[in-house]
Amino acid sequence: MSFKNDNFPSSEAFDVINAALSASEADRKDAIKQGNAIFAFTIKNKAGETESWHIDLKEKGAVGNGVGTKPTVVLSLSDDDFAKLVSGQANAQRLFMSGKLKVKGDVMKATKLQPILAKAQTKAKL
């Protein structure tokens, strides 16, 4: 199942993240242990449309459409900024400080997401 949405070019990253999580059982369990949360992403494209995805690192260790069940933290940002974040061209703290990344929920849990995004950085071609 693909999570890519043509209206949101950066959404391809969710396929890469899901592939990284399902590549090996040990990696998946390690990601769940590190994350221990449900991370939801609400992404806005240039047309002003919004779409949501989530990364469940609490139970399943998988990516899904929508915000998921009781997300621990919701990250809202533009499609361009998400692409930069996943590709390593942007820093989450700088995006947050500049108001380009909005965080609802457990801000400290959001910092646990970086190692997961780092795995996608090596494989995503955004």
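Just so it is clear, the values below take in all heavy atoms, side chains as well, and ignore hydrogens, waters and symmetry mates. Because the structure is a prediction, the values reported are computed rather than measured.
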Shortest non-hydrogen contact between [X] and [Y], atoms and distance:
| X | Y | result |
| --- | --- | --- |
| R28 | K60 | NH1-O, 2.7 Å |
| V67 | A40 | O-CB, 3.6 Å |
| P71 | G68 | CD-O, 4.0 Å |

Determine whether T111 and Q93 satisfy the following criterion, side chain to side chain contact (heavy atoms under 4.5 Å, CB included), listing intermediate values before the conclusion. CA-CA 9 Å; T111 62; Q93 287 178 315; 5.8 Å; no

Would H54 and T69 count as a side chain to side chain contact (heavy atoms under 4.5 Å, CB included) here? Give the steps. CA-CA 9 Å; H54 68 276; T69 309; over 6 Å; no

Got a sec: does the NZ of K100 have more than 12 other heavy atoms crowding it under 6.0 Å?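 Check fails, neighbour count at 12 or below.
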
Counting heavy atoms not belonging to K29, are there more than 12 under 6.0 Å from its NZ?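 Not more than 12 within 6.0 Å, no.
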
Give the intermediate values and the outcome of side chain to side chain contact (heavy atoms under 4.5 Å, CB included) for residues T72 and F39. CA-CA 6 Å; T72 313; F39 301 94; over 6 Å; no

Is any side-chain heavy atom of [Y] closer than 4.5 Å to one of [X]?
| X | Y | answer |
| --- | --- | --- |
| K46 | D80 | yes |
| D56 | I32 | no |
| K58 | I38 | yes |

Distance (rounded to the nearest 0.5 Å) between [X] [atom1] and [Y] [atom2]:
| X | Y | atom1 | atom2 | answer |
| --- | --- | --- | --- | --- |
| S78 | K84 | OG | NZ | 7.5 Å |
| I17 | E12 | CD1 | CD | 11.0 Å |
| S76 | D81 | OG | CG | 12.0 Å |
| N5 | S10 | CG | OG | 9.5 Å |

side-chain contact (heavy atoms from CB on, under 4.5 Å), paired with N7, selected from N45, I43, D79: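 When side-chain contact (heavy atoms from CB on, under 4.5 Å) is applied between N7 and each of N45, I43, D79, only N45 qualifies.
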
Identified side-chain contact (heavy atoms from CB on, under 4.5 Å) counterpart of F96 within the set L101, L75, N91, L77: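 So, applying the side-chain contact (heavy atoms from CB on, under 4.5 Å) to F96 and each of L101, L75, N91, L77, only L101 qualifies.
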
Would you kindly confirm whether [X] and [Y] end up in one hydrophobic cluster when ILVMFWY residues are joined by side chain heavy atoms under 4.5 Å apart?
| X | Y | value |
| --- | --- | --- |
| V107 | V73 | yes |
| L113 | F3 | yes |
| L85 | M97 | yes |
| V103 | L117 | yes |

So which of F82, F41, W53, F14 actually passes ring pair (Phe, Tyr, Trp, His ring centres under 6.0 Å) with F8?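 Going through the options one by one, the only one that passes is W53.
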
Are any side-chain N or O atoms of K102 and backbone N or O atoms of G99, one a donor and one an acceptor, separated by less than 3.5 Å?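 Yes, the answer is positive, given that a donor and an acceptor are paired below the 3.5 Å cut-off.
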
Applying side chain to side chain contact (heavy atoms under 4.5 Å, CB included), run through L21 and I55 and close with a yes or a no. CA-CA 10 Å; L21 287 171; I55 303 172; 4.0 Å; yes

